[in-house]
2 protein chains.
Amino acid sequence: MTDKKEHIVNSAVELFAEKGFEGTSIRELAAKAEVNVAMVNYYFGSKEKLFEAMVAQKAAYSRGMIDEIVKDKTLSDIEKIDRIIDGFVNRLFTNRKFHRIIHQELMLSQRENLQQAIVDILYPNSLAVKTLIDSAIKKGSFKKVDSALVIATVIGTINHVLLSKKMCNKLFGKEDSHVPYEDPKFIKRVGDHLKEIMHAYLLKN
Amino acid sequence: MTDKKEHIVNSAVELFAEKGFEGTSIRELAAKAEVNVAMVNYYFGSKEKLFEAMVAQKAAYSRGMIDEIVKDKTLSDIEKIDRIIDGFVNRLFTNRKFHRIIHQELMLSQRENLQQAIVDILYPNSLAVKTLIDSAIKKGSFKKVDSALVIATVIGTINHVLLSKKMCNKLFGKEDSHVPYEDPKFIKRVGDHLKEIMHAYLLKN
DNA sequence: AAAAATTAATTAAACGTTTGTTTAATTCAA
DNA sequence: TTGAATTAAACAAACGTTTAATTAATTTTT
């Protein structure tokens with residue numbers, strides 16, 4: 001991909017995350033990327049196709065990690081859960097702007113096709129975790145829990161923290177200028193919380 | 001409030017929840033509310049002021065419930081948590097469209113003032129729950145947990161389920177036409193899951 | 001109680017901007 | 001010299017909003 005195309009995509013991630021798809025104009029986008037307005041349509045065809053191209057490019061961050069953990073035979077089931085939690089936390093925190101866009105797109109009913117595409121990207125992850133938990137329950141190493149909702153709890157907790165900087169800072173007693181998402185201590189704290197919850201919930205006594 | 005004003009506000013909730021603020025046009029809104037386009041500005045002054053008026057009106061659903069539970073002396077700490085969870089689940093499920101709008105607004109940086117107003121509405125709830133948990137920890141009835149993140153887990157889990165009907169149905173093995181949010185069994189299931197998690201996490205053995 | 005005067009509600013049309021997109025000309029690179 | 005890249009300008013459509021005229025409702029006066 002050429003420099004300009006990349007510039008446009010990266011500016012799109014920034015602006016769509018902050019202002020949403022409808023709230024971002026091509027002119028604003030072009031200004032941020034320091035290209036002529038016509039370049040967006042020249043390279044991508046339309047605003048919507050730019051959006052789709054951005055998703056297709058950045059969504060690569062999603063695959064692989066969980067499958068590798070699940071099939072690692074040196075790990076116990078709960079160790080796998082721990083690693084999956086760390087994986088999710090790191091991934092969502094580092095890709096939080098793109099993740100926000102995905103979040104917005106799932107919430108709105110504007111572009112049905114793209115929504116379906118996003119579900120198809122995200123669902124395999126959830127399914128893999130669910131399958132792991134269900135097999136651990138069958139083996140007897142986990143309690144009988146609602147495996148589908150466990151994923152909702154893990155992702156939901158991370159999402160809720162990533163949702164609003166303002167809310168997050170208020171909840172954790174930081175001043176408004178603080179950026180909690182780049183604070184390694186805070187990232188660790190979220191991971192530790194989720195692991196402790198899951199240990200207490202999944203493991204038998 | 002007059003019939004027409006109410007019609008407009010209710011149509012606004014529907015459309016903003018589905019398409020976002022920027023994605024909803026006054027003309028579409030007026031058509032849905034079956035009023036003339038000029039009526040929106042006549043009654044509310046502007047699109048943004050309509051939005052603010054809607055938030056001010058519908059946000060009343062938020063207050064009171066938690067404080068009442070917290071100060072009820074006939075309940076144990078864990079019973080209070082159970083009731084708070086049920087309260088959140090019922091409230092967010094029944095007001096899910098408005099809740100989506102709040103969610104969107106917190107996520108975007110378009111209307112700073114309104115964002116601050118929403119934080120000021122939501123934060124007292126979180127603080128009350130945090131205070132309850134911290135005092136229970138001090139008393140020795142709860143384990144030493146990260147109280148600020150407990151709220152993130154409760155609200156985050158509910159939010160994640162409410163986020164996308166498509167994703168939700170896929171995760172729970174229902175066909176696309178199913179509306180999980182109006183299924184009492186599903187609502188109970190989410191509440192039960194959260195209560196079980198919190199029992200395992202908060203209570204000592 | 002009827003008529004007149006006043007205010008509120010409602011409308012279709014127009015306003016000026018901004019939107020995403022395209023064109024046609026020009027510059028650049030191979 | 002050909003094709004790709006880049007530009008400023010223009011395009012039609014949609015946007016939020018306002019206007020000016022009309023109808024409906026309310027209040028005041030007779």
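To find a chain, count down the sequence lines: A is the first, B the second, and so on, and within it residues start at 1. Note that the structure is predicted; figures quoted are calculated from it, not measured.
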Trainee: Quick one: sort the A:F93 and A:F186 rings into parallel, tilted or perpendicular, breaks at 30° and 60°.
Mentor: perpendicular
Trainee: Quick one: list whatever passes side-chain hydrogen bond (donor to acceptor under 3.5 Å, both in side chains) with B:K143, sequence neighbours left out.
Mentor: none
Trainee: Please list, chain by chain and in numerical order, all residues satisfying side-chain hydrogen bond (donor to acceptor under 3.5 Å, both in side chains) with B:Q104, sequence neighbours excluded.
Mentor: none
Trainee: Does the distance from a Lys or Arg side-chain N to an Asp or Glu carboxylate O, for A:K130 and A:D146, drop under 4.0 Å?
Mentor: no
Trainee: Could you list all the side chain to side chain donor-acceptor pair (under 3.5 Å) pairs where at least one residue sits in residues 37-56 of chain A, not counting sequence neighbours?
Mentor: none
Trainee: Under 4.0 Å, counting only non-hydrogen atoms across every strand here, what does A:F44 touch: a base, just sugar-phosphate, or nothing?
Mentor: nothing
Trainee: Can you list the residues that meet the salt bridge (charged side-chain N to carboxylate O under 4.0 Å, His left out) rule with B:K165, with sequence neighbours excluded?
Mentor: none
Trainee: Apply side-chain hydrogen bond (donor to acceptor under 3.5 Å, both in side chains) to A:Q115 and list each qualifying residue two or more places apart in sequence or on a separate chain.
Mentor: none
Trainee: Distance check needed: D:dA5 P versus A:K4 NZ, whole Å only.
Mentor: 11 Å
Trainee: Apply ring pair (Phe, Tyr, Trp, His ring centres under 6.0 Å) to A:F142 and list each qualifying residue two or more places apart in sequence or on a separate chain.
Mentor: none
Trainee: Mind calculating the distance between OH (A:Y43) and C1' (C:dT21) to the nearest angstrom?
Mentor: 18 Å
Trainee: Atom NZ of B:K49 and atom C1' of D:dT17: how far apart are they, to the nearest Å?
Mentor: 12 Å
Trainee: B:E28 has an atom CD; how far is it from atom C1' of D:dC15, in whole Å?
Mentor: 12 Å
Trainee: Strictly by side chain to side chain donor-acceptor pair (under 3.5 Å), give each pair with a member in residues 70-85 of chain A just once, sequence neighbours left out.
Mentor: A:D72-A:T74, A:S76-A:E79, A:D77-A:K139, A:D77-A:S141, A:D82-A:H199
Trainee: Starting from P on D:dA14, measure out to NZ on A:K47 and report it in whole angstrom.
Mentor: 15 Å
Trainee: Give every residue pair that meets the side chain to side chain donor-acceptor pair (under 3.5 Å) criterion with at least one member in residues 10-20 of chain A, sequence neighbours excluded.
Mentor: A:N10-A:K58, A:E14-A:K97, A:K19-A:E28
Trainee: Within the 4.0 Å limit for protein heavy atoms, which parts of nucleotides 22-30 of chain C are touched? Write it as a string from 5' to 3', B for base, S for sugar-phosphate only, - for none.
Mentor: B--------
Trainee: In residues 10-27 of chain A, which residues come under 4.0 Å of DNA chain D by heavy atom?
Mentor: A:R27
Trainee: For B:H160, what residues pass the ring pair (Phe, Tyr, Trp, His ring centres under 6.0 Å) criterion, not counting sequence neighbours?
Mentor: none
Trainee: Taking CD from B:E34 and P from C:dT11, how many angstroms apart are they, rounded to a whole number?
Mentor: 11 Å
Trainee: In residues 50-58 of chain B, which ones come under 4.0 Å of DNA chain D, going by heavy atoms?
Mentor: none
